[in-house]
Amino acid sequence: MENEANGGIKFNRVCVFCGSNPGRREVFSDAAIDLGNELVKRKINLVYGGGSVGLMGLISKRVFDGGCSVLGVIPRALVPIEISGEAVGDVKIVLDMHERKAVMARESEAFIALPGGYGTMEELLEMITWAQLGIHTKPIGLLNVDGYYDALLALFDNGVKEGFIKPGARKIIVSAPTAKELLTKMENYTPFDGHVAPHESWKMNHLVGNQQKEHHEPSKLNKAIG
């Protein structure tokens, strides 16, 4: 992650959380492809959940075909479910969901959530929580396609109103209806500074345990499985 001359942030690698389903309406698939196009346009590499189906498959193929690198991180148990045919880019197979999120977080400079189900929302909320705790200071963006996340954003606002979320913490997440607008907001993001614990007191590597004991290296799927 670099600071540009105009004061904005230049991302080298962004993590995208999204569904292994395409959703019922074409607008969601279009949004995934549009986000992929914007990443390619900005020469931003992709980290994602490793699947080749649903919105995951659409954005990973678009970014890979556009000449940027793609790193998928997937638990071994989900390989036969979320990978259909040949894998896209490099795939790191991990032990479980906890390791998956930790590796994705460590490898990324920012996070974006496309429409998705429980898994996508859980990943998004964990990154928001980590930012609030001070574990990371990376931008978090919500691509609110056709108002899909309106109710979730309203829930956050209600949390502030009812005293469960601090007003400053509400600004941890930025949202926009289009990929271009969202990335522009994230490039001008001001990190949240009301952390529960000092950022320096957290060690990102500790979230994934001893890195020298990692079991898997990024590789093509056939090498990773073998």
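Sequence positions, counted from 1, serve as the residue numbers for this chain.
Thr129 contributes atom OG1, which lies 9.0 Å from atom NE2 of His136 (distance to the nearest 0.5 angstrom). Separation of atoms CD1 (Ile165) and CZ (Phe156) is listed at 6.5 Å; rounding is to 0.5 Å. Between Cys18 atom SG and Met56 atom CE the span is 6.0 Å, to the nearest 0.5 Å. With values rounded to the nearest 0.5 angstrom, Asn45 atom CG is found 9.0 Å from Leu39 atom CG. Note: Ile112 CD1 to Leu35 CG = 5.0 Å, rounded to the nearest 0.5 Å. Interatomic distance, CD of Glu99 versus CD1 of Ile74, reported as 13.0 Å (0.5 Å rounding).
The shortest distance between side-chain heavy atoms of Ser175 and Leu153 falls below 4.5 Å. Using a 4.5 Å cut-off on side-chain heavy atoms (C-beta onward), Ile140 and Val174 make no contact. At a threshold of 4.5 Å between non-hydrogen side-chain atoms, the residues Tyr48 and Val70 count as touching. Using a 4.5 Å heavy-atom cutoff, the side chains of Ile33 and Ile59 are not in contact. The shortest distance between side-chain heavy atoms of Leu95 and Arg76 does not fall below 4.5 Å. With a 4.5 Å cut-off on side-chain heavy atoms, Leu55 and Ser29 count as touching. Side-chain contact between Leu46 and Ser60: present, with at least one pair of heavy atoms (C-beta onward) separated by less than 4.5 Å. Counting only heavy atoms from C-beta outward, the side chains of Val103 and Arg106 approach each other to under 4.5 Å.
Residues passing the side chain to side chain contact (heavy atoms under 4.5 Å, CB included) test with Ser108 are Cys15, Val47, Phe111, sequence neighbours excluded. Asp96 is linked by a salt bridge (charged side-chain N to carboxylate O under 4.0 Å, His left out) to nothing, counting only residues two or more places apart in sequence or in another chain.
When all heavy atoms of Ala179 and Leu143 are compared, the pair lying nearest together is N-CD1, 3.6 Å. Across all non-hydrogen atoms, the minimal contact from Leu182 to Gly141 is CD1-CA, 3.9 Å. Nearest approach of Ile173 to Ile128, heavy atoms of both residues: CD1-CD1, 3.8 Å. Heavy-atom minimum distance, Gly116 versus Met121: O-CE, 3.8 Å. The two residues Leu124 and Ala113 make their nearest non-hydrogen contact at CD1-CB, 4.0 Å. The minimum heavy-atom distance between Phe11 and Ala110, with the atom names listed, is CE2-CB, 3.7 Å.
The residues Glu107 and Arg13 are annotated as salt-bridged, a charged nitrogen and a carboxylate oxygen being separated by less than 4.0 angstrom.
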Give the C-alpha distance, both sets of side-chain angles, the deciding distance and a yes or no for salt bridge (charged side-chain N to carboxylate O under 4.0 Å, His left out) between Lys101 and Glu126. CA-CA 9 Å; Lys101 286 180 291 186; Glu126 183 144 10; 2.5 Å; yes
Please report the C-alpha distance between Met104 and Phe17 in whole Å, then the side-chain angles of each, then the deciding distance to 0.1 Å, and finally whether the side-chain contact (heavy atoms from CB on, under 4.5 Å) criterion is met. CA-CA 10 Å; Met104 291 169 77; Phe17 302 125; 3.7 Å; yes
Evaluate side-chain contact (heavy atoms from CB on, under 4.5 Å) for Gln132 paired with Ile172, printing each intermediate quantity in order. CA-CA 8 Å; Gln132 179 177 255; Ile172 287 173; 3.9 Å; yes
When you look at Lys138 and Met127, which way does the side-chain contact (heavy atoms from CB on, under 4.5 Å) test go after all the steps? CA-CA 9 Å; Lys138 303 173 183 181; Met127 293 307 110; over 6 Å; no
Steps toward side-chain contact (heavy atoms from CB on, under 4.5 Å) verdict (Leu183, Arg42): CA-CA 10 Å; Leu183 283 165; Arg42 289 169 163 80; 3.8 Å; yes
Show, in sequence, the C-alpha distance, side-chain angles and deciding distance for Asp34 and Lys180, and conclude whether the salt bridge (charged side-chain N to carboxylate O under 4.0 Å, His left out) test is met. CA-CA 9 Å; Asp34 183 49; Lys180 182 177 181 179; over 6 Å; no
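Annotation: side-chain hydrogen bond (donor to acceptor under 3.5 Å, both in side chains) contacts involving residues 148-157, sequence neighbours excluded, comprise Asn144-Asp150, Asp157-Arg170.
In the displayed structure, Lys185 atom NZ is contacted under 6.0 Å by more than 12 heavy atoms of other residues, nucleotides or ligands.
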